[in-house]
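Treat the numbers as computed from the prediction; the structure is a model and nothing was measured. The first residue in the sequence is number 1, and the count goes up from there. All values below come from the heavy atoms of this structure, side chains included, with hydrogens, waters and symmetry mates left out.
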Amino acid sequence: MSPLNPDDPRARRTRERLRAAALDLAGEHELSSITMSRVARRAAINRATVYAHYPDLDALVTDAMDDAIGRLSRAVALCPLQAPRDAPPQPLLDLFAEVEDGAVLYRRMLSESGSARFAHRMQRRLAAGLAERFAHGHRPPATEDVPLDLHAGYLAGALCGVITTWIAAEPPVPAADAALATWRLLLGREMSDG
């Protein structure tokens with residue numbers, strides 16, 4: 001069996017070690033200062049083996065953050081359509097708490113010198129989660145004339161923009177306050193139409 005077979009337990013363990021090493025290093029240093037050689041040393045893996053699994057650091061750190069992106073996508077897909085203006089839904093609060101818990105990594109991944117691949121994957125996965133929810137009839141009122149994919153992409157892009165801006169803010173804004181502001185922004189169109 002090929003060592004790069006995704007079902008090979010040895011290959012899975014190697015990728016897990018590489019992802020853990022990459023996240024450790026990204027928590028300690030800016031991405032621009034991390035090399036594949038450093039990741040290999042941290043993971044105690046031969047450098048050639050690193051390249052057998054990942055073509056570059058961007059692919060590695062994006063893969064390492066994939067579980068986090070999945071949690072964000074699930075939180076977005078669980079947000080109800082209705083909640084009071086001053087009480088953001090719990091899944092939105094959970095999403096911002098998730099990002100706040102990993103603030104250093106998100107800040108580095110979404111910075112100008114971060115990972116464009118990560119930012120793209122995050123936006124794409126959030127849009128896919130929203131599109132799936134919309135396809136099952138969970139769509140805000142008065143949006144039926146907007147193509148479903150465009151609607152999902154618009155909201156995912158807005159959310160990614162808010163997260164990118166919020167996570168870079170100094171001084172930091174608490175997650176609950178950011179979630180509340182975001183909820184009010186999302187409701188803004190509905191409130192102005194009413």
Side-chain angles (χ1 to χ4, degrees), residues 6 12 15-16 19-20 22-23 26-27 61-111 114-169 172-194:
R12 278 198 312 267
R15 283 191 303 276
E16 286 169 13
R19 288 190 295 261
L23 290 179
V61 294
T62 299
D63 186 49
M65 291 290 289
D66 201 56
D67 289 343
I69 294 172
R71 289 189 298 274
L72 296 183
S73 179
R74 284 187 295 282
V76 165
L78 291 173
C79 276
L81 302 178
Q82 302 294 325
R85 187 172 192 277
D86 292 325
Q90 189 60 48
L92 191 63
L93 290 166
D94 294 344
L95 181 147
F96 278 90
E98 166 85 21
V99 174
E100 186 176 55
D101 287 346
V104 170
L105 287 173
Y106 280 97
R107 191 175 301 116
R108 289 187 175 147
M109 296 294 283
L110 295 170
S111 73
S115 170
R117 186 179 285 157
F118 170 78
H120 176 75
R121 184 179 291 180
M122 185 170 92
Q123 192 277 336
R124 194 179 73 233
R125 296 265 307 269
L126 294 178
L130 286 163
E132 183 177 341
R133 182 169 171 80
F134 292 168
H136 289 95
H138 302 286
R139 209 164 171 201
T143 58
E144 298 80 20
D145 59 340
V146 176
L148 186 143
D149 288 343
L150 288 180
H151 188 191
Y154 165 76
L155 289 176
L159 190 53
C160 288
V162 165
I163 289 170
T164 300
T165 301
W166 164 63
I167 205 66
V173 174
D177 293 347
L180 175 60
T182 302
W183 183 241
R184 288 175 174 167
L185 286 170
L186 292 172
L187 291 177
R189 180 178 181 271
E190 187 179 313
M191 299 297 279
S192 66
D193 288 347

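- At least one side-chain heavy atom of Y106 sits under 4.5 Å from a side-chain heavy atom of L72.
- Annotation: side chain of D66 is in contact with side chain of R125 (closest heavy-atom distance under 4.5 Å).
- Closest heavy-atom contact between A179 and P88: O-CB, 3.9 Å.
- Looking only at side-chain heavy atoms (C-beta outward), L126 and C160 come within less than 4.5 Å of each other.
- Ring geometry for F96 versus W166: interplanar angle over 60°, hence perpendicular rather than tilted (30 to 60°).
- The CD1 atom of I69 sits 11.0 Å away from the CD atom of Q123 when rounded to the nearest 0.5 Å.
- Inter-residue side-chain proximity for I163 and L95 is flagged as met; some heavy-atom pair is nearer than 4.5 Å.
- With a 4.5 Å cut-off on side-chain heavy atoms, I167 and R108 do not count as touching.
- With salt bridges taken as basic N to acidic carboxylate O contacts below 4.0 Å, none links D67 and R19.
- Scanning both residues, V61 and A22, for their nearest heavy atoms gives CG1-CB, 4.1 Å.
- Here CZ of R133 is found 7.5 Å from SG of C79. Values are rounded to the nearest 0.5 Å.
- Counting heavy atoms from C-beta on, the side chains of D86 and R184 come closer than 4.5 Å.
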Just do the side-chain contact (heavy atoms from CB on, under 4.5 Å) check on M109 and T164 with the steps written out, would you? CA-CA 9 Å; M109 296 294 283; T164 300; over 6 Å; no

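- Of all heavy-atom pairs between H151 and F134, the closest is ND1-CE1, 3.5 Å.
- Atom-to-atom distance recorded for L159:CG and L130:CG is 8.0 Å, nearest 0.5 angstrom.
- A side-chain donor-acceptor contact under 3.5 Å links W183 to the backbone of P84.
- The two residues L110 and A119 make their nearest non-hydrogen contact at CD2-CB, 4.0 Å.
- When every heavy atom of A152 is checked against every heavy atom of A127, the shortest pair comes out as CB-O, 3.4 Å.
- Between A131 and D149, the closest heavy-atom pair is CB-OD1, 4.0 Å.
- Looking at M65 and L23, their side chains come closer than 4.5 Å, going by heavy atoms from C-beta outward.
- Atoms OG and CD, on S73 and E132 in that order, are 8.5 Å from each other to the nearest 0.5 Å.
- With a 4.5 Å cut-off on side-chain heavy atoms, Q90 and L93 count as touching.
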